[in-house]
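Heads up: numbering here begins at 1 and tracks the sequence.
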Amino acid sequence: QVQVVESGGGLVQPGGSLTLACRVEGSAASMFDVSWYRQAPGEQREFVAQITSGGTTNYKDFVKGRFTISRDNAKNTVYLQLNSLNPDDTAVYYCRHPRAPWGRGTQVTISS
């Protein structure tokens, strides 16, 4: 069974950075399109970024230039680098693999 395990969240000040990791278990991360989503309190889950099996990256407009998605095939892990964070980025961040159920996510909190 394919599973995803997210990690790397935390509490950072506005303007700070974090690197989130999504470890894919039971499947090669490079064979499928893998995405990051996030869900803020009281809000619906929303798309953030995607890396396709071919390596093409796509981003939601509100993160362009601030977030970077990448993949390490040897570690079977997809990363999301978050820069220039602001309080609106506070959310639980989830990794999405088409063959896996949703993971538990990782909490990102931006606060001074």
Less than 4.0 angstrom from a charged side-chain N to a carboxylate O is my criterion; do Arg96 and Asp33 meet it? no
Going by atom types alone, do Thr109 and Gln107 pair a side-chain donor with an acceptor below 3.5 Å? yes
side-chain hydrogen bond (donor to acceptor under 3.5 Å, both in side chains) assessment of Gln13 paired with Ser112: CA-CA 5 Å; Gln13 293 185 343; Ser112 55; over 6 Å; no
Residues two or more places apart in sequence or in another chain: which of them pass salt bridge (charged side-chain N to carboxylate O under 4.0 Å, His left out) with Arg23? Glu25
Can you find a heavy atom in the side chain of Arg38 that is under 4.5 Å from one in the side chain of Asp89? yes
Cation-pi between Arg45 and Tyr94: NZ/CZ under 6.0 Å from ring centre and within 45° of the ring axis? yes
For Ser35, is there any backbone N or O sitting under 3.5 Å from a side-chain donor or acceptor partner on Gln50? no
How close do Ser17 and Ser84 get, counting heavy atoms only, and between which atoms? OG-N, 4.4 Å
Show the nearest heavy-atom pair for residues Glu6 and Arg104, with the distance to one decimal. OE1-N, 3.4 Å
Checking one residue: Val48. Which other hydrophobic residues are in its cluster under the side-chain 4.5 Å linking rule? Val12, Leu18, Leu20, Val34, Trp36, Ile51, Tyr59, Phe62, Val63, Phe67, Ile69, Val78, Leu80, Leu82, Leu85, Tyr93, Val108, Ile110
Just so I know, are the side chains of Arg99 and Ser27 near enough to count as touching, which here means a heavy-atom distance under 4.5 Å? no
Check ring pair (Phe, Tyr, Trp, His ring centres under 6.0 Å) between Tyr37 and all other residues, then give those that pass, not counting sequence neighbours. Phe47, Trp102
Determine yes or no for a side-chain-to-main-chain donor-acceptor pair under 3.5 angstrom, with Ser53 supplying the side chain and Phe32 the backbone. no
Where do Leu11 and Ser111 land on the side chain to side chain contact (heavy atoms under 4.5 Å, CB included) test, with the steps shown first? CA-CA 7 Å; Leu11 171 65; Ser111 176; 4.0 Å; yes
Does Lys60 come within less than 4.0 Å of Glu46, counting only side-chain N to carboxylate O? no
What pair of heavy atoms forms the shortest contact from Thr77 to Ala21, and how long is it? CG2-CB, 4.0 Å
